[in-house]
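Letters A, B, ... mirror the listed sequences (proteins, then strands); counts begin at 1.
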Amino acid sequence: MRLITHPIKRQIVRIHVAETPWDLAQFVDWVEANSTALGFDTETTGLDWWNADRGFRCRLAQFGTATESWVLPVEAGEDYAEAARWALRQAGRLIIHNANFDLHVVEATLGIPLEELAPKAICTKITAHLVDPRAVKEQGPGLKLEELTKHYLDRDLAEQVKGSMTRIAKAYKVKKEDIWPIVSLSDETFLLYAGMDPCLAYRLFHLLYPMIPLRSRRKGLFGWEHRLAYVCALIERTGYLLDAEYAEARAAELLAEQAKWEAVAAEFGVANVNSSAQLIEAFTGFGVRLTKKTAKGNLAMDAEVLDAIDHPLAEAVKKATKAGKWRSTWFERALSGRDSKGRVHATLNSLQARTARMSITGSVPAQTFPAGTGYVRHMFLAEEGHVTCCIDFANMELRFLAAESGDPVMRDAFANGKDLHQITADAAGVPRKVGKMGNFLIVFGGGWKALVTQAKVLEDVARRTIDAFGSTYTYVGKLADRLMAEARRTGFIYTSTGRRLPVDRGRLYAAQNYFIQSGSRDITARAVLRLHEAGYTKWMRLIIHDEIVFSFPKDRAEELMREAAKLMQFTVKGVEIPADGEIGDRSWGSVLDLEDSKH
DNA sequence: AATTGTTGCACC
DNA sequence: AAACGGTGCAACAATT
């Protein structure tokens with residue numbers, strides 16, 4: 001056994017590294033003495049846990065308390081893997097940073113199912129988010145283990161740990177992302193880094209849990225965020241069946257399109273259509289006067305600028321960059337993320353944004369798939385004998401606003417099927433489209449200036465629309481005032497689920513948006529939990545803000561859709577937030593085609 | 001040569 | 001008086 005010692009906050013941590021199977025007897029004694037709760041972490045060859053049948057490996061499994069940890073080289077032999085399995089089952093609680101990842105790793109490489117460990121897992125990322133959801137760039141503590149260590153535990157240690165893998169990668173002369181499969185299991189720095197992590201997670205949990213606001217705990221947020229994360233892990237594990245033939249055909253088609261327009265750009269002397277610098281030079285040379293600036297004060301070269309330029313180069317650039325982006329971001333990304341069974345596994349970050357909104361990352365960045373067309377979504381297939389079904393909430397954010405503000409005009413509009421956008425438009429004497437934009441702008445916390453740029457209307461029209469909103473839905477303003485007053489006084493607002501959200505004092509107007517966005521996310525979250533309890537998880541494929549995508553057996557699809565929509569439907573303070581479903585053929589894209597053909 | 005910052009664009 | 005909220009990813013440019 002090898003012993004490495006290192007302080008956290010001047011308190012020595014003893015890291016035990018098992019080197020022979022004989023060391024495991026001592027590990028067993030230690031686990032038995034500390035089995036109530038153990039910090040846990042793994043070091044792996046990468047992030048692609050779904051590739052355990054073709055190269056993905058778990059290299060180390062680490063267990064820890066506040067002052068001691070054990071590092072088991074599970075890659076080096078079945079004895080270590082068996083000991084790790086035993087300890088995982090022995091522990092009353094497992095404290096893990098970003099638990100879903102390690103639970104996937106354990107299932108895929110050590111064979112303990114999610115179903116067995118998830119109920120006793122505690123995620124420090126969730127815990128930290130309930131205390132303070134802000135990222136570092138928002139002047140918050142952040143949510144990564146290193147960031148949390150720096151903010152809450154030991155600044156110097158965090159800096160050291162942060163740099164350690166970069167230094168090892170340098171020594172091996174490889175990129176940082178390529179170091180994980182090759183770093184030696186006897187590398188002292190790597191073992192220190194690995195052995196420290198479960199101790200950090202253990203300490204963070206004990207420090208942070210009491211800091212979760214009482215109101216959050218009373219509403220059971222800690223528990224249901226963990227159950228939601230578990231459902232997301234199950235959905236991630238199932239993955240989504242990819243139509244590789246379709247994806248490859250589209251990728252090829254887009255590559256040809258891209259090449260065609262790049263050739264046109266080349267004729268005008270632009271070698272790289274993605275280079276703003278080259279384009280600025282070329283257009284300036286043609287005598288085009290560029291004025292729009294970027295955030296940093298440089299000349300902008302975006303779609304708006306290009307749209308205003310009447311020159312064949314502008315057209316070619318737009319077409320070439322779009323084809324290139326769609327090819328690489330959607331089709332090639334999905335194709336390269338396939339597992340051995342042709343499925344792709346998105347990462348569903350169940351508690352991500354400052355407002356708690358979920359994010360979807362990895363090979364299926366589904367939240368940003370082009371809307372209004374099935375072109376990209378066609379590559380995702382329901383199972384054999386199944387059809388795709390999409391159920392989404394109707395006007396969730398505005399209905400939520402109507403409910404929480406209690407505004408009688410808004411409530412009446414929704415209760416009696418009136419056209420809310422038309423009501424706003426009529427009150428301002430503007431077209432319905434402008435009224436609609438105004439309604440959504442209020443949700444975002446925007447003002448008349450934003451309406452000018454977005455709706456391309458004159459200043460007085462924009463002012464009139466915003467004013468009309470205020471005088472028509474008077475209770476909305478009252479809610480905003482209450483939230484801003486709370487934020488000004490305390491720096492926070494509380495949502496109706498007991499979530500505490502920090503509001504920057506210089507951007508108090510954002511309080512209303514946080515309240516609506518977060519409350520809406522929590523409705524979707526609870527809908528997912530209801531669906532899970534009713535046995536729908538095996539059919540769920542993705543959760544996208546206010547929409548859930550399912551793969552239903554074809555012969556029961558109608559019945560399951562009706563039942564699922566009923567489960568999702570929510571009533572907030574007497575206001576219904578209905579959920580409506582659509583059934584397509586096998587591909588997700590077919591659901592959109594169906595909608596198109598109806599209109 | 002690898003990492004970090006900037007820009008642009010896809011969405012709710 | 002006015003205040004556009006929240007994401008992820010690719011490519012290029014600048015920095016280390």
Closer than 4.0 Å, any side-chain N/O of A:Ser359 to the OP1 or OP2 of C:dG8? yes
In plain terms, say whether A:Glu576 and A:Arg399 are close enough for a salt bridge, that is, a side-chain N and a carboxylate O under 4.0 Å apart. no
Heavy-atom side-chain proximity of A:Ile548 to A:Met568 below 4.5 angstrom: yes
OP1, OP2 of C:dG6 versus side-chain N and O of A:Tyr514: anything below 4.0 Å? yes
Is there a side-chain contact between A:Thr149 and A:Arg155, using heavy atoms and a 4.5 Å cut-off? no
Quick check, are the ring centers of A:Phe440 and A:His421 under 6.0 angstrom apart? yes
Distance in angstrom units between A:Asn274 CG and C:dC12 P, rounded: 5 Å
Just checking A:Ala353: base, sugar-phosphate only, or nothing, at a heavy-atom cut-off of under 4.0 Å? sugar-phosphate
Lys/Arg-Asp/Glu bridge criterion (N-O < 4.0 Å) met for A:Lys150, A:Glu146: no
Under 4.0 Å between a side-chain N/O of A:Ser328 and OP1 or OP2 of C:dC9, yes or no? no
A:Lys170, NZ atom: more than 12 neighbouring heavy atoms under 6.0 Å: no
So which nucleotide from B:dC12, C:dA2, C:dG8 ends up closest to the side chain of A:Arg463? C:dA2
Please write out each protein N/O paired with an N/O of nucleotides 7-11 of chain B under 3.5 Å, distance rounded to 0.1 Å.
unit_1 : atom_1 : unit_2   : atom_2 : d
B:dT7  : OP1    : A:Thr294 : OG1    : 2.7
B:dT7  : OP1    : A:Asn298 : ND2    : 2.7
B:dG8  : OP1    : A:Met301 : N      : 2.6
B:dC9  : OP1    : A:Ala303 : N      : 3.1
B:dC9  : OP2    : A:Ala303 : N      : 3.2
B:dC9  : O2     : A:Lys325 : NZ     : 2.9
B:dC11 : OP1    : A:Ala371 : N      : 2.5

Counting any heavy atom closer than 4.0 Å, what does A:Arg521 reach on the DNA or RNA strands: base, sugar-phosphate only, or nothing? nothing
When you measure from every atom of DNA chain C, which of residues 247-261 of chain A have a heavy atom less than 4.0 Å away? none
Charged N to carboxylate O below 4.0 Å: is that the case for A:Asp504 and A:Arg354? yes
Answer whether the closest heavy-atom distance between the side chains of A:Arg250 and A:Trp326 falls below 4.5 Å. no
A:Lys449, nearest nucleotide to its side chain (from C:dG8, C:dG6, C:dA2): C:dA2
Answer yes or no: does a side-chain N or O of A:Tyr509 lie under 4.0 Å from OP1 or OP2 of C:dC4? no
For C:dG6 and A:Arg507 - does any side-chain N or O of the residue sit under 4.0 Å from the phosphate oxygens OP1/OP2? yes
Can you check the A:Arg354 CZ to C:dG8 P distance for me, whole Å? 14 Å
Cation-pi check for A:Phe492 against A:Arg500: NZ or CZ below 6.0 Å from the six-membered ring centre and within 45 degrees of the axis, yes or no? yes
A:Ile280 atom CD1, neighbour heavy-atom count above 12 within 6.0 Å: yes
Just to confirm, is there a sub-4.0 Å distance from OP1 or OP2 of C:dC12 to any side-chain nitrogen or oxygen of A:Asn272? yes
Which is true for A:Lys173 with a 4.0 Å heavy-atom rule: it touches a base, it touches only sugar-phosphate, or it touches nothing? nothing
For A:Asp460, is the CG atom crowded, meaning more than 12 foreign heavy atoms sit under 6.0 Å from it? yes
Within residues 476-495 of chain A, which residues have any heavy atom lying less than 4.0 Å from an atom of DNA chain B? none
Of the listed nucleotides C:dA13, B:dT3, B:dC12, the one nearest the side chain of A:Ser275: C:dA13
Please state the C1' separation for the pair B:dC11 and C:dC4 - nearest whole angstrom. 15 Å
Check the phosphate of C:dC9 against A:Arg333, side-chain N and O only, distance under 4.0 Å to OP1 or OP2. Yes or no? yes
Go through C:dC4, C:dG6, C:dC12 for me and flag the one nearest to the A:Ala450 side chain. C:dC4
Taking CG from A:Asp178 and P from B:dA1, how many angstroms apart are they, rounded to a whole number? 15 Å
Given the rule in the salt bridge (charged side-chain N to carboxylate O under 4.0 Å, His left out) test, do A:Arg488 and A:Asp481 qualify, once you have shown the distances and angles that lead to the verdict? CA-CA 10 Å; A:Arg488 189 180 297 116; A:Asp481 290 345; over 6 Å; no
Can you tell me which nucleotide in C:dG6, C:dG5, C:dC9 comes closest to the side chain of A:Ala510? C:dG5
Ignoring hydrogens and angles, tell me if any N or O in the side chain of A:Thr524 forms a donor-acceptor pair with the backbone of A:His545 under 3.5 Å. yes
C:dT7 C1' sits how many Å from A:Met358 CE, rounded? 12 Å
Quick one: label A:Gln352 by what it contacts on the DNA or RNA (base, sugar-phosphate, nothing), any heavy atom closer than 4.0 Å. sugar-phosphate
For the pair made of CZ in A:Phe440 and C1' in C:dC4, what is the distance, rounded to whole Å? 14 Å
Using a 4.0 Å heavy-atom cut-off across all strands, classify A:Lys170 as base, sugar-phosphate, or nothing. nothing
Would you kindly give the CZ-to-P distance between A:Arg167 and B:dT3, to the nearest whole Å? 14 Å
Euclidean distance, atom CD1 of residue A:Ile179 to atom P of B:dA1 [Å, nearest integer]: 18 Å
Is a salt bridge present between A:Glu147 and A:Lys137, judged by a nitrogen-to-oxygen distance below 4.0 Å? no
Contacts of A:Trp448 and A:Val443 projected onto DNA chain C by closest heavy atom; the upstream (5') one is A:Trp448
Once you round it to whole Å, what is the distance between P of C:dA11 and CD of A:Gln278? 15 Å
Under 4.0 angstrom, heavy atoms only, what part of the nucleic acid is A:Arg327 near: base, sugar-phosphate, or nothing? nothing
